[in-house]
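Here the structure is laid out as structure tokens; the discussion comes afterwards.
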Amino acid sequence: MPGMENGEVAAIFSEMADLTHIVGGDEHRIRSFRRAARIIENLPEDLATGIRYGTFEKRAGIGPGTVRRVKQILREGTCDDLRELRRQLPPGLRDLLDVKGIGASTARRLWQHLKIRSIEELERALIRGDVAKLPRMGQKTAEKLMKALQDHKHRIGRIAYVDARRMGARVLAGMEGLPEIQRITLAGSLRRGKATIGDLDVLVASDDPGRVAARFVTLPEVEEVLVRGEGRCSVRLLNRQQCDLRVLPPENWGAGLHYFTGSQLHNIAVRSRGLRVAGLKISDKGIFVRDTEIRVHPGGTEEDIFAAAKLPFIEPELRENTGEIEAGEQGRLPRLLVAGDLKGDLHMHTVASDGKGTAEDMARAAIALGHAYIAITDHTKSLEVANGLDEGRLLAQVRHLREVEDRIGRLRIAAGTEVDILGDGSLDLDEQVLRGLDWVVASVHSHLDMNGEAMTTRLIAAMETGLVDCIGHPTARRLDRRGGAELDWERLFQAARRTGVAMEVNGNPYRMDLPDVACRRAKEMGVHLVVNTDAHAPGHLSRQEYGVITARRGWAEARDIANTKPFEHLAELRRERFRTRGLALGALPSPEPGVVEVVAHEPVADEHWPEEVDDLAAADAPDDDADLAGRLARAEVDDALRERLDDWLRNSGDGPLEDALRTLGENPMMVAFEILSKIS
DNA sequence: GCCGTTTTCGGCCCGACTGTTTTCAGTCG
């Protein structure tokens with residue numbers, strides 16, 4: 001089956017895992033199928049290519065059995081094992097596994113005893129009362145399944161990282177002040193920085209789990225209690241997300257934090273390694289000698305856990321079992337990018353198009369954050385809904401920006417654009433104007449339903465013009481609304497390297513685009529990355545963290561990110577590209593007489609940022625506090641500032657500090673909490 | 001099915017909670 005996408009092959013392995021599970025096959029074999037599915041899904045290159053060059057079979061977790069099946073699937077669209085499993089089981093049966101409380105064994109019994117083959121048939125059987133009569137089933141189980149079925153119908157999928165974090169901050173705030181709590185944090189995929197989050201995980205260190213759980217299940221955000229145990233509770237929150245609480249003794253904090261941060265596959269890999277190389281059993285209770293069960297260490301810190309497996313500390317963002325264990329053992333772990341590495345921000349909007357601040361507002365906010373440079377990149381004319389600029393208005397804006405730069409000083413303000421990439425890959429601005437700008441981001445905002453190959457070709461066409469410095473939010477995904485284009489990363493990044501075009505890691509919290517996996521591949525292929533905020537208001541400039549965490553999940557170091565370097569470096573890259581492509585650096589044409597307005601348009605409804613516009617608080621702060629937000633953002637916190645943060649958390653009443661914190665995140669308390677936990 | 005710093009065969013992470021049991025299977029993370 002030529003043209004089969006990796007995702008389709010991965011789906012076959014997932015189905016084999018599910019069906020093997022239901023027929024009661026070996027659990028390790030099932031895990032192998034699931035692991036293969038995951039590896040194939042995240043493969044940066046085309047599977048057929050990986051097979052042809054032998055790179056696929058070299059991956060950990062891929063053995064001869066998987067290679068043989070993949071070859072057959074690529075040829076025939078299916079494989080013998082799947083055919084056989086489908087012959088034995090009805091296809092709808094695996095859907096039952098998605099209902100909470102139904103595992104393989106229950107699914108199998110429902111089918112064998114009641115001939116249930118689908119979710120719909122399960123519902124009918126529950127209503128008839130047949131399910132409660134099965135062996136090892138009872139009224140209570142039937143009721144639970146009925147509820148789980150309703151939840152399944154109304155389930156929410158994964159939600160955007162930013163929304164999950166906001167909800168998590170509310171939960172933490174609700175737990176605050178309970179004297180029994182010694183430490184508290186959000187763990188799970190949120191701590192690992194995944195772009196979308198399923199369940200929330202709250203971890204607490206306390207000697208009195210009963211009191212902690214009592215507070216947790218009565219939080220105003222809790223809609224329903226699902227599980228109520230001594231050290232562990234699960235609730236459904238008002239936004240229908242599930243939230244799990246785990247309370248552990250303070251001495252096991254590191255063991256619990258590691259265990260509860262995951263990912264599950266990473267945990268399995270670390271624990272297996274502990275057994276293999278040191279004969280140590282690692283659990284959330286600490287570190288034990290395998291044979292005697294004697295505890296040799298409580299696991300107070302995560303470092304203790306890694307040390308037991310003879311590994312250095314591995315950052316949470318890397319814990320996906322995608323090579324971090326091997327990198328750790330060989331001393332090849334990356335020194336991940338931190339927010340303080342970024343020297344500037346190269347994608348933002350003003351009132352000239354659909355932003356909420358003037359160029360001067362943006363500049364002053366950038367100075368407050370300690371930036372050395374910014375690029376103003378408003379939309380272009382074809383994006384009418386965003387009041388995009390035509391050539392005339394853009395030229396007027398360039399002159400305006402030069403004035404602002406001269407007036408303010410202390411900040412390089414690059415005159416740029418976020419030029420629209422039209423359906424055929426051409427750019428929405430006159431070439432001469434594009435050549436005269438300091439920085440050109442090119443992005444797609446229309447015709448988003450193209451298939452991946454066509455979209456890849458479109459982006460490459462834009463890069464081939466030589467006029468583009470950076471491709472903005474490459475997949476155009478919206479975490480709260482739509483998936484992105486399935487781009488051919490291999491082809492795209494080869495073109496990026498050839499044409500000298502950077503790829504953006506867009507930090508709009510509903511984009512986080514490039515996706516993490518693509519970041520990693522771009523880095524491996526030597527493509528320049530740029531971490532931007534795509535700010536539509538001054539307060540958004542502080543939200544670099546969303547781009548930073550995405551880049552970190554892509555194993556990015558400061559040296560992989562172009563805007564950790566001085567602006568002159570970026571300008572030189574642009575000059576170099578023009579030289580090699582024989583393009584003249586353009587002198588800008590003069591604006592046509594009469595085109596003078598720069599900011600006159602009424603800003604349109606803000607599509608990108610559903611929440612209210614942030615205040616430009618930091619810029620109005622008194623002199624000593626001028627760089628407060630910047631210092632906090634860079635985590636340059638001395639003892640005096642730490643005390644001030646501490647004091648504010650306890651007593652509030654420090655306006656400038658609160659304002660500065662507010663520029664760094666939605667919930668100033670959460671920001672302060674994070675800064676303190678980072679430096680402690 | 002995959003894998004190897006005791007192994008090419010014999011392992012594969014580990015524990016809490018629930019319901020239906022009277023010692024445990026099933027599910028989940």
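Below, all heavy atoms of this structure are taken into account, side chains as well, without hydrogens, waters or symmetry copies. Each chain gets a letter, A, B and so on, in the order the sequences are listed, and its residues count up from 1.
- Residue pairs meeting the salt bridge (Lys or Arg N to Asp or Glu O under 4.0 Å) criterion with at least one member in residues 12-26 of chain A, sequence neighbours excluded, are A/Glu15-A/Arg86, A/Asp18-A/Arg34, A/Asp18-A/Arg94.
- The ring pair (Phe, Tyr, Trp, His ring centres under 6.0 Å) search around A/Phe493 returns A/Trp489, not counting sequence neighbours.
- At a threshold of 4.0 angstrom between heavy atoms, the contacts of A/Val227 are confined to the sugar-phosphate backbone, with no base atom among them.
- Distance CD1 (A/Ile102) to C1' (B/dA25): 16 Å, rounded to an integer number of Å.
- Classification of B/dT7 as syn follows from a glycosidic angle within 90° of 0.
- Annotation: B/dC3 and B/dC13 have their C1' atoms spaced 16 Å apart (nearest Å).
- Within 4.0 Å of A/Ala60, counting heavy atoms only, lie sugar-phosphate atoms of the nucleic acid but no base atom.
- Regarding A/Phe33, its CZ atom lies at a distance of 8 Å from the P atom of B/dC2, rounded to whole Å.
- The CZ atom of A/Arg34 sits 13 Å away from the P atom of B/dG29 (whole-angstrom rounding).
- Comparing B/dT20 with B/dG26, their C1' atoms are spaced 11 Å from each other, to the whole Å.
- Here, B/dC12 and B/dT22 have their P atoms 31 Å apart, quoted to the whole Å.
- A/Ile30 comes within contact range of no nucleotide atom at all, as no heavy-atom separation falls under 4.0 Å.
- Salt bridge present: A/Asp81 and A/Arg29 bring a charged side-chain N and a carboxylate O closer than 4.0 Å.
- Rounded to whole Å, the distance from CG on A/Leu226 to P on B/dG29 is 10 Å.
- Between the P atoms of B/dT21 and B/dA16, the separation comes to 24 Å (whole Å).
- Using a 4.0 Å heavy-atom distance criterion, A/Arg69 is classed as a sugar-phosphate-only contact.
- Summarising the geometry, the separation between CD on A/Glu326 and C1' on B/dC2 is reported as 13 Å, rounded to the nearest angstrom.
- Between the CG atom of A/Asn321 and the P atom of B/dG29 there is a distance of 19 Å, rounded to whole Å.
- Nearest nucleotide to the side chain of A/Thr106, out of B/dG1, B/dG29, B/dG26: B/dG26.
- Within 4.0 Å of A/Gln242, counting heavy atoms only, lie sugar-phosphate atoms of the nucleic acid but no base atom.
- The nucleotide B/dC3 finds its pairing partner in B/dG10, both defining distances of the Watson-Crick or G-U wobble pair being shorter than 3.5 Å.
- With P as the reference atom, B/dC9 and B/dC17 are 42 Å apart, rounded to whole Å.
- No more than 12 heavy atoms of other residues, nucleotides or ligands shown are found within 6.0 angstrom of CZ on A/Arg211.
- For the OP1/OP2 pair of B/dC2 and a distance below 4.0 Å, the side-chain nitrogens and oxygens of A/Thr66 include at least one atom meeting the criterion.
- Applying the salt bridge (Lys or Arg N to Asp or Glu O under 4.0 Å) rule to pairs touching residues 242-259 of chain A yields A/Arg246-A/Asp284, A/Glu251-A/Arg295, sequence neighbours excluded.
- The phosphate of B/dC17 (OP1 or OP2) has no side-chain N or O of A/Arg228 nearer than 4.0 angstrom.
- To the nearest angstrom, P of B/dG26 lies 14 Å from CG of A/Leu145.
- Within the 4.0 angstrom heavy-atom criterion, only backbone atoms of the sugar-phosphate kind lie near A/Val99; the bases stay farther away.
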Polar atom pairs between nucleotides 19-23 of chain B and protein, under 3.5 Å, N or O only, would you list them?
unit_1: B/dG19; atom_1: O3'; unit_2: A/Thr141; atom_2: OG1; d: 2.9
unit_1: B/dG19; atom_1: N2; unit_2: A/Arg136; atom_2: NH2; d: 2.9
unit_1: B/dT20; atom_1: OP1; unit_2: A/Gly138; atom_2: N; d: 2.9
unit_1: B/dT20; atom_1: OP1; unit_2: A/Thr141; atom_2: N; d: 3.4
unit_1: B/dT20; atom_1: OP1; unit_2: A/Thr141; atom_2: OG1; d: 3.1

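- Across the C1' atoms, B/dG11 and B/dT6 are found 13 Å apart, a figure rounded to whole Å.
- At a threshold of 4.5 Å between non-hydrogen side-chain atoms, the residues A/Asp163 and A/Asn239 do not count as touching.
- Here A/Lys523 pairs with A/Glu557 in a salt bridge; the nearest charged N to carboxylate O distance falls below 4.0 Å.
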List the protein contact pattern of nucleotides 8-16 of chain B with one symbol per nucleotide (5' to 3'): B for base contact, S for sugar-phosphate-only contact, - for none; contact means a heavy-atom distance under 4.0 Å.
----BBSBS
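- B/dG15 and B/dG10 have their C1' atoms separated by 24 Å, with the value rounded to a whole Å.
- For A/Lys310 and B/dT5, the shortest distance from a side-chain N or O to OP1 or OP2 is not below 4.0 Å.
- The same atom, P, is picked in B/dT8 and in B/dG4; the two are 13 Å apart, to the nearest Å.
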Distance-only donor-acceptor hits, side chain of residues 321-336 of chain A, under 3.5 Å, sequence neighbours excluded:
unit_1: A/Thr322; atom_1: OG1; unit_2: A/Arg520; atom_2: NH1; d: 3.1
unit_1: A/Glu324; atom_1: OE1; unit_2: A/Asn321; atom_2: N; d: 3.1
unit_1: A/Glu324; atom_1: OE1; unit_2: A/Thr322; atom_2: N; d: 2.8
unit_1: A/Glu324; atom_1: OE2; unit_2: A/His266; atom_2: ND1; d: 2.8
unit_1: A/Glu324; atom_1: OE2; unit_2: A/Glu320; atom_2: N; d: 3.2
unit_1: A/Glu324; atom_1: OE2; unit_2: A/Asn321; atom_2: N; d: 2.6
unit_1: A/Glu329; atom_1: OE1; unit_2: A/Arg273; atom_2: NH1; d: 2.4
unit_1: A/Gln330; atom_1: OE1; unit_2: A/Arg332; atom_2: NE; d: 2.6
unit_1: A/Gln330; atom_1: OE1; unit_2: A/Arg332; atom_2: NH2; d: 2.7

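- Taking the side chain as every heavy atom from C-beta outward, A/Pro515 and A/Asp513 approach each other to under 4.5 Å.
- Between A/Leu97 and A/Val67, the residue anchored closer to the 5' end of DNA chain B is A/Val67, taking for each the nucleotide with the nearest heavy atom.
- Here A/Ser105 reaches the OP1 or OP2 of B/dG26: one of its side-chain N or O atoms lies under 4.0 Å away.
- Going from atom CZ of A/Arg236 over to atom P of B/dC28 covers 13 Å, rounded to whole Å.
- Listed by chain and number, the residues in a side chain to side chain contact (heavy atoms under 4.5 Å, CB included) with A/Arg290 are A/Leu275 (sequence neighbours excluded).
- Legend: salt bridge (Lys or Arg N to Asp or Glu O under 4.0 Å) pairs involving residues 97-112 of chain A, not counting sequence neighbours: none detected.
- Qualifying ring pair (Phe, Tyr, Trp, His ring centres under 6.0 Å) partners for A/Phe313, counting only residues two or more places apart in sequence or in other chains: A/Phe306.
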